[in-house]
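Throughout, protein chains are lettered first and strands after them, A, B, ... in sequence-line order, and every chain is numbered starting at 1.
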There are 8 protein chains.
Amino acid sequence: MKKILQDFKAGKINLEEVLEKLRTFPYEDLKFAKIDTHRALRKGFPETIFCQGKTIPQILKVIEAMSKRNQNILATKANKKIFTAVKKVYKNAEYNELAKTIVIEKKKLTSKKGNILVITAGTSDIPVAEEAIVTAELMGNKVEKAYDVGVAGIHRLFDIKDKIFDSNVIIVVAGMEGALASIVGGLTAKPVIAVPTSVGYGASFKGIAPLLTMMNTCSEGVVVVNIDNGFGAGYFASLINR
Amino acid sequence: MKKILQDFKAGKINLEEVLEKLRTFPYEDLKFAKIDTHRALRKGFPETIFCQGKTIPQILKVIEAMSKRNQNILATKANKKIFTAVKKVYKNAEYNELAKTIVIEKKKLTSKKGNILVITAGTSDIPVAEEAIVTAELMGNKVEKAYDVGVAGIHRLFDIKDKIFDSNVIIVVAGMEGALASIVGGLTAKPVIAVPTSVGYGASFKGIAPLLTMMNTCSEGVVVVNIDNGFGAGYFASLINR
Amino acid sequence: MKKILQDFKAGKINLEEVLEKLRTFPYEDLKFAKIDTHRALRKGFPETIFCQGKTIPQILKVIEAMSKRNQNILATKANKKIFTAVKKVYKNAEYNELAKTIVIEKKKLTSKKGNILVITAGTSDIPVAEEAIVTAELMGNKVEKAYDVGVAGIHRLFDIKDKIFDSNVIIVVAGMEGALASIVGGLTAKPVIAVPTSVGYGASFKGIAPLLTMMNTCSEGVVVVNIDNGFGAGYFASLINR
Amino acid sequence: MKKILQDFKAGKINLEEVLEKLRTFPYEDLKFAKIDTHRALRKGFPETIFCQGKTIPQILKVIEAMSKRNQNILATKANKKIFTAVKKVYKNAEYNELAKTIVIEKKKLTSKKGNILVITAGTSDIPVAEEAIVTAELMGNKVEKAYDVGVAGIHRLFDIKDKIFDSNVIIVVAGMEGALASIVGGLTAKPVIAVPTSVGYGASFKGIAPLLTMMNTCSEGVVVVNIDNGFGAGYFASLINR
Amino acid sequence: MKKILQDFKAGKINLEEVLEKLRTFPYEDLKFAKIDTHRALRKGFPETIFCQGKTIPQILKVIEAMSKRNQNILATKANKKIFTAVKKVYKNAEYNELAKTIVIEKKKLTSKKGNILVITAGTSDIPVAEEAIVTAELMGNKVEKAYDVGVAGIHRLFDIKDKIFDSNVIIVVAGMEGALASIVGGLTAKPVIAVPTSVGYGASFKGIAPLLTMMNTCSEGVVVVNIDNGFGAGYFASLINR
Amino acid sequence: MKKILQDFKAGKINLEEVLEKLRTFPYEDLKFAKIDTHRALRKGFPETIFCQGKTIPQILKVIEAMSKRNQNILATKANKKIFTAVKKVYKNAEYNELAKTIVIEKKKLTSKKGNILVITAGTSDIPVAEEAIVTAELMGNKVEKAYDVGVAGIHRLFDIKDKIFDSNVIIVVAGMEGALASIVGGLTAKPVIAVPTSVGYGASFKGIAPLLTMMNTCSEGVVVVNIDNGFGAGYFASLINR
Amino acid sequence: MKKILQDFKAGKINLEEVLEKLRTFPYEDLKFAKIDTHRALRKGFPETIFCQGKTIPQILKVIEAMSKRNQNILATKANKKIFTAVKKVYKNAEYNELAKTIVIEKKKLTSKKGNILVITAGTSDIPVAEEAIVTAELMGNKVEKAYDVGVAGIHRLFDIKDKIFDSNVIIVVAGMEGALASIVGGLTAKPVIAVPTSVGYGASFKGIAPLLTMMNTCSEGVVVVNIDNGFGAGYFASLINR
Amino acid sequence: MKKILQDFKAGKINLEEVLEKLRTFPYEDLKFAKIDTHRALRKGFPETIFCQGKTIPQILKVIEAMSKRNQNILATKANKKIFTAVKKVYKNAEYNELAKTIVIEKKKLTSKKGNILVITAGTSDIPVAEEAIVTAELMGNKVEKAYDVGVAGIHRLFDIKDKIFDSNVIIVVAGMEGALASIVGGLTAKPVIAVPTSVGYGASFKGIAPLLTMMNTCSEGVVVVNIDNGFGAGYFASLINR
């Protein structure tokens with residue numbers, strides 16, 4: 001754009017030509033604006049790629065493009081086959097089998113910010129929780145975790161009260177009836193991000209039950225992300241933990 | 001039937017005629033059997049009539065038929081107009097405006113059995129809870145209640161722990177996310193009957209949210225009845241409190 | 001806690017320190033209280049583990065922890081692979097292939113309580129029924145069963161009327177249209193626990209049809225648990241059969 | 001068409017013109033064909049008009065058109081206001097307030113065919129049953145009815161076994177859980193037409209529950225029509241009672 | 001029962017004993033009654049077994065029991081593995097691979113009744129149609145078929161108008177949008193049994209779309225059975241074709 | 001923008017200032033671009049306002065803003081109360097009571113383009129059809145209509161074959177089972193826009209049934225808009241009729 | 001038909017006989033009419049076959065029948081196995097693995113019409129887009145594409161504004177939340193055909209989420225086809241691009 | 001508790017008695033703990049009461065209890081009748097008719113924190129937005145708003161880019177298709193709280209459509225609250241704006 005304006009001042013192009021060119025520019029400008037905005041806040045933010053539904057060649061190509069920007073890279077919903085293919089090219093790629101995430105670190109994260117606490121209701125909810133943790137850690141957060149503290153034995157929740165009091169944001173990952181988010185939301189005034197999971201059977205309808213539970217929570221300070229969306233919760237927690 | 005057999009023995013009717021008559025009897029027999037069974041257990045059990053969808057003349061006619069059996073009568077989902085009509089005929093009819101129940105007492109219940117505890121998550125769940133209470137009391141139970149102890153402030157639940165420990169059966173009435181049933185079920189080993197209510201808005205979908213929550217409870221010892229079915233919960237609680 | 005108080009009395013710690021310590025204690029207290037409560041009623045109650053969604057190492061670890069408490073152990077929704085792994089460590093583990101349950105008996109149940117009757121509408125509902133039976137038996141109940149007595153041939157139901165009259169609690173397991181629970185509920189005044197199953201096709205929607213049927217039953221004295229939740233029905237039946 | 005062909009033979013129009021004209025004729029032909037077919041079977045069949053969503057002037061206009069064909073006329077889902085308007089013009093119009101039907105008789109039905117039996121599960125299902133009865137009677141059938149024989153007290157069903165054995169077709173009208181259709185279907189080998197009704201509350205979801213129940217019936221010989229579609233059931237029963 | 005009565009008349013047992021015995025008899029009586037009813041109308045009706053969800057040993061055992069009654073046997077939803085096992089024992093068992101039905105003929109059907117017409121909208125609906133045909137033929141009906149006459153090319157439907165006019169009952173099998181049932185119902189005054197199929201993708205939701213279409217048909221004389229329930233349609237058609 | 005550039009060339013502002021200013025400009029540019037685009041194609045296109053959920057003052061204010069641009073104005077889903085308020089200010093406002101539309105004409109449409117045909121399945125679908133017609137006419141189209149040609153009497157459809165052959169685009173408006181769109185789509189190769197309506201009862205679920213039917217049409221050349229969205233259909237038809 | 005008329009004129013058959021013959025003719029006539037209609041507009045239109053749910057022999061037979069008409073042939077939802085079988089017989093068959101389409105070209109398309117633009121929100125939506133493209137190209141259109149321009153980075157959409165301005169019709173293919181269709185519809189006055197895809201997880205419910213989004217778009221000029229129905233979108237776009 | 005311990009030290013009560021008393025204390029302790037926690041963060045936080053489903057006397061009683069704590073009070077979903085009753089007792093109560101909120105200010109909020117931006121897609125979404133604003137302001141936040149910037153005219157969104165860049169948290173309120181949240185989420189890296197509204201008709205299903213859209217957003221950094229839950233969004237925004 002600079003060049004256009006200089007050409008214009010230098011008389012190489014006339015007013016109409018500049019206007020014409022600018023008519024097509026806004027988009028690039030917008031793009032820049034966006035990148036500007038992002039650059040400011042992307043200190044340590046990873047580039048992310050959602051693998052599900054993409055072919056391995058597509059994934060490799062995306063990662064290649066991302067690699068140029070010298071940011072850490074996070075691939076989610078990546079099965080082992082994808083990881084094997086990625087690993088061949090990116091030797092330092094690391095796989096979290098539970099979370100199904102691949103991380104390619106371009107620059108070490110040195111200092112970590114405050115505490116995000118990730119709680120699961122059951123053992124089966126752990127993979128989704130791990131996805132949240134990998135995401136939040138790669139975005140520069142210290143993450144604490146407490147697994148299997150479901151409402152059926154609510155004393156287990158009280159055992160982790162110190163963790164709850166010491167955290168800035170809490171992610172609650174729960175399938176089946178998903179009641180845990182409401183309980184945690186009722187115990188603390190910290191922001192709670194609820195992640196329904198597809199864990200359960202019968203009338204859990206692959207996550208609809210906990211999703212509705214969390215949506216209808218009577219506890220203040222609880223918001224919800226998509227079923228099994230650990231990444232989204234980890235990302236949002238990072239945004240508000242800055 | 002006795003008469004038939006005596007007639008048969010007396011030779012007034014022959015074998016074929018008895019067989020013919022008996023072929024048509026089973027049903028009546030079955031009916032008697034059923035009534036027998038019921039009589040045994042209906043000590044103090046009320047006759048019940050579900051008013052919704054019935055015209056006032058129909059309701060009056062049903063009550064009239066019931067009146068002959070000298071049992072207490074319980075009408076549910078009865079609006080004020082219905083009550084006014086019933087009151088004209090049955091002077092001792094009593095109306096619980098919250099529960100929308102009419103009770104016509106034919107014989108006083110003297111002794112009351114053990115404790116049924118009815119808990120609601122919120123204030124708006126009270127009408128459904130009251131229907132459960134009216135039902136259970138008319139079936140000869142002592143009923144305790146604790147309203148508005150929802151999970152958003154779980155300490156309120158702990159305040160009633162003595163009531164929980166002292167009860168034989170617990171009815172949990174909750175709308176919105178319905179998580180209370182799971183919490184109570186996790187705190188006690190008493191049977192818990194969960195009643196989802198249509199209280200809430202948006203994604204509560206008139207009770208689907210708490211219904212699914214309760215269905216998917218990870219707490220052992222919780223069963224569910226229909227949305228807003230306070231009567232059903234009170235009835236079932238009475239069955240297991242005998 | 002005793003020690004704290006004795007130290008306090010002995011002047012080793014001052015009032016503020018005790019208060020501080022107590023502020024963190026309630027939870028442990030609650031935990032104890034709960035365990036106390038449970039111990040009282042857990043005579044013969046098994047420790048239970050829901051296997052679905054857990055890895056085999058996780059399952060083994062949970063069983064190991066459970067083993068210390070000298071209670072019988074029940075694992076549900078366990079496939080054969082899980083059983084093989086468990087069997088290697090716990091030689092007396094027993095597998096019910098239909099019910100997909102593993103039982104590890106630590107102490108023999110000697111006397112059995114009253115009668116729980118488990119009825120299925122069809123042959124395909126048997127696995128869910130078996131899960132209920134294994135659960136109820138391990139909780140110290142005598143269990144009777146009657147399979148394939150669906151409403152299409154209602155005379156089959158009448159053939160088992162003696163079983164119905166002799167039982168204290170009835171579990172009705174039915175898929176497809178799930179009407180059996182209403183019929184049984186109409187025939188008897190015993191508490192009926194209805195278990196919808198995912199048996200069926202088309203508009204049964206993996207159990208939604210019988211679930212709704214059972215929820216809307218016009219028979220008094222029927223409650224519902226989750227689709228295919230034989231364990232939940234067996235557990236609740238045991239609670240009310242004590 | 002005759003005329004065209006005669007003109008053609010008479011040479012007034014040529015082959016191409018006939019072909020052209022015929023290209024546009026098939027539809028009229030089809031219409032005639034259809035009417036022919038119908039005339040054969042419409043002996044006593046009423047003309048019908050579904051009033052819901054139509055304005056009163058529209059309804060009057062339709063009836064006027066129908067009146068020319070000298071068939072009996074049946075208007076369904078007609079509220080009182082509609083009836084009042086119709087009555088002004090058609091003095092012999094008769095209203096069934098429960099069924100919300102208007103009948104205008106053009107020719108008396110003399111002989112009635114065999115028996116159609118209409119059963120309802122509850123009292124609140126009667127309006128839908130009445131719509132079926134009005135329809136079937138106007139189509140020349142003898143109709144028996146038995147109301148309030150729901151499954152909660154199955155002996156009531158056995159009381160009407162003679163009616164069941166004496167009928168050719170059975171219409172079962174049921175809301176709430178809709179189980180009655182399965183029971184009746186299991187008791188008899190007569191064709192059963194099941195009509196789910198929107199009677200109920202909570203998880204009956206305005207008729208979805210009985211609809212699914214009836215769809216998934218394990219009894220052979222049961223078919224289903226739309227929720228509250230008494231007319232459809234009465235019409236179909238008439239078709240197969242001929 | 002005869003014997004009881006004779007013993008009673010002979011004074012071998014007294015009145016009370018007879019009454020006691022009779023109290024337990026109704027059920028057997030009912031059973032007999034039912035079988036009587038059935039025997040009358042089961043001329044040529046096959047015994048049927050729904051294979052889905054049953055183990056092969058269970059299926060063999062059911063067939064063995066059925067074999068004693070000397071009726072033709074029909075097994076539905078039977079995969080090839082089941083057939084192989086059945087074939088080993090019953091040499092004359094025949095398999096329809098499309099319909100997934102096994103037929104074991106005990107007595108040849110000699111004369112066939114009138115015409116049932118089975119129409120499918122598409123090629124993919126044929127398996128469900130074949131199930132209906134196998135069923136109806138085994139119940140003694142002549143069956144005509146017309147496949148792939150879907151509404152997208154409605155002239156195909158008109159090509160089979162003679163078949164439509166010559167039939168007594170019409171079964172319409174359609175997936176996707178299921179509109180064919182309405183068209184056929186509008187063309188003819190014969191009873192139409194609509195079978196939605198799970199053929200389709202996306203918003204057909206495994207048969208919900210055609211199911212709703214058929215339920216809401218504005219054509220008179222159309223009833224509906226469960227998704228993919230060819231057997232049910234064939235059976236019902238046979239009932240009304242007698 | 002021109003001024004900025006001229007100022008820049010004149011040296012009144014420097015390069016950095018221009019860039020800064022431009023960074024904030026893209027949006028306005030985009031806005032202009034959009035308006036440009038629209039102006040080109042808005043010859044005769046009305047300004048539209050969706051009234052539902054807006055207060056009367058809000059509606060008046062929007063219309064006032066629109067009035068400045070000298071375009072015809074179309075308000076949809078407008079009840080009579082709204083019209084009365086609008087009429088007071090805009091004397092030439094015209095109301096279509098069926099369509100619930102208000103039209104304020106600023107410039108007469110002189111010539112009309114080709115033919116759009118609007119067909120309804122039933123009489124009750126007319127209001128939605130009228131909304132489509134008002135919209136399409138105001139956008140400069142000649143519109144033909146044919147009402148009540150539903151599939152139950154398919155000959156009525158054939159009666160309008162000439163209209164079908166003479167149109168460029170066809171809008172099919174249908175509630176209940178919505179099959180008409182498929183039939184029309186199968187009869188013609190013209191683009192068909194299907195509008196499901198909320199007309200019907202029971203399992204039509206306020207338009208879900210016809211929506212799914214139309215979505216799953218096996219006829220090529222059919223697209224769908226929202227339930228009762230006559231405006232959307234009229235608008236889209238106009239876009240493709242240019 | 002000509003012959004009949006000539007015979008009639010020649011006196012070989014009389015008026016009644018002609019009428020009788022014509023009564024059975026309409027359908028053939030209609031068929032011809034339809035073919036006529038189609039022939040006119042099928043210049044370059046392919047014959048199409050939807051492979052899902054059809055056996056390979058069925059597919060081959062359909063293609064064989066199609067081959068006689070000398071039109072290009074398009075098979076959709078065809079897996080590789082099907083292609084292999086087709087390729088054996090039709091050597092020039094070509095397979096698009098992403099789109100899962102087979103094309104057999106009988107006559108080369110020479111000139112291509114205007115521009116259809118196909119946009120996808122994500123990489124995973126490409127297969128559905130490809131199906132649309134194959135369809136539209138085979139129907140004689142020039143197709144432009146722009147993939148992965150989802151709303152999360154809206155600047156990507158602005159980068160393709162020239163393509164948008166240069167197209168006549170736009171197909172938007174989007175899964176997950178499907179918002180892209182609304183954005184594009186808001187940016188342009190070209191007709192937009194929205195295709196929801198089953199891409200996504202959790203609460204996308206296999207395409208319900210984007211389907212509802214697109215249905216409810218507040219942008220004018222957007223219509224919707226079935227989930228994953230790339231063919232339908234390509235076909236409709238071709239209809240309006242003529 | 002202090003007193004108990006002092007009594008214990010003073011020997012007035014023995015160790016067992018203290019332990020007994022403490023066993024019942026945890027709950028109160030917990031309550032205190034909770035209140036402590038809250039007090040710390042409740043600086044300026046209002047007491048809130050959800051009015052829907054509560055009677056006016058209940059509401060007055062709750063407000064009375066709240067009044068003792070000297071916090072500002074916020075009542076939501078309060079209709080005018082409720083306000084009139086409250087106003088009589090609390091003279092300084094103020095009503096926001098759009099938001100349906102009552103505010104009773106006990107202490108003036110002096111300084112306001114950073115910026116929360118509330119955006120609506122349409123005019124009809126304003127009431128929900130106002131509820132969010134009232135809530136956030138009462139919790140001590142400065143709130144900016146921008147109404148009617150829906151995606152159909154995306155340039156309106158760009159007009160408010162400065163507001164977007166200057167805010168810390170953004171609340172997006174949108175009904176119909178709800179796409180706005182994704183667009184905003186894609187434009188900024190600020191946390192976005194999405195509120196689906198029940199605005200719309202047809203397939204918006206009272207808010208399900210925008211709820212699903214927002215759940216499935218492909219933009220990072222977007223979370224969702226219940227349909228029409230402006231309060232929840234305002235509350236959560238306040239939590240993360242501290």
Answer yes or no: does atom [atom1] of [X] have more than 12 heavy-atom neighbours from other residues, nucleotides or ligands under 6.0 Å?
X        : atom1 : result
F:Glu94  : CD    : no
F:Lys206 : NZ    : no
E:Lys112 : NZ    : yes

What part of E:Phe205 gets closer than 4.5 Å to chain F, counting heavy atoms only: side chain, backbone, both or neither?
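For E:Phe205, the contact with chain F is made by the side chain alone.
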Which bit of E:Met176 comes within less than 4.5 Å of chain F, counting heavy atoms only: side chain, backbone, both or neither?
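Contact with chain F involves both backbone and side-chain atoms of E:Met176.
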Checking the side chain of F:Glu177 only, and the main-chain atoms of E:Ala179 only, is there a donor and an acceptor separated by less than 3.5 Å?
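Answer holds: no.
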Taking all non-hydrogen atoms of both residues into account, name the closest pair between F:Ala203 and E:Asn216 and its distance.
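The pair with the smallest heavy-atom distance is O-ND2, 2.8 Å.
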Measuring from E:Ile183:CD1 to F:Ile183:CD1, what's the distance to the nearest 0.5 Å?
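Going from CD1 on E:Ile183 over to CD1 on F:Ile183, the span is 3.0 Å.
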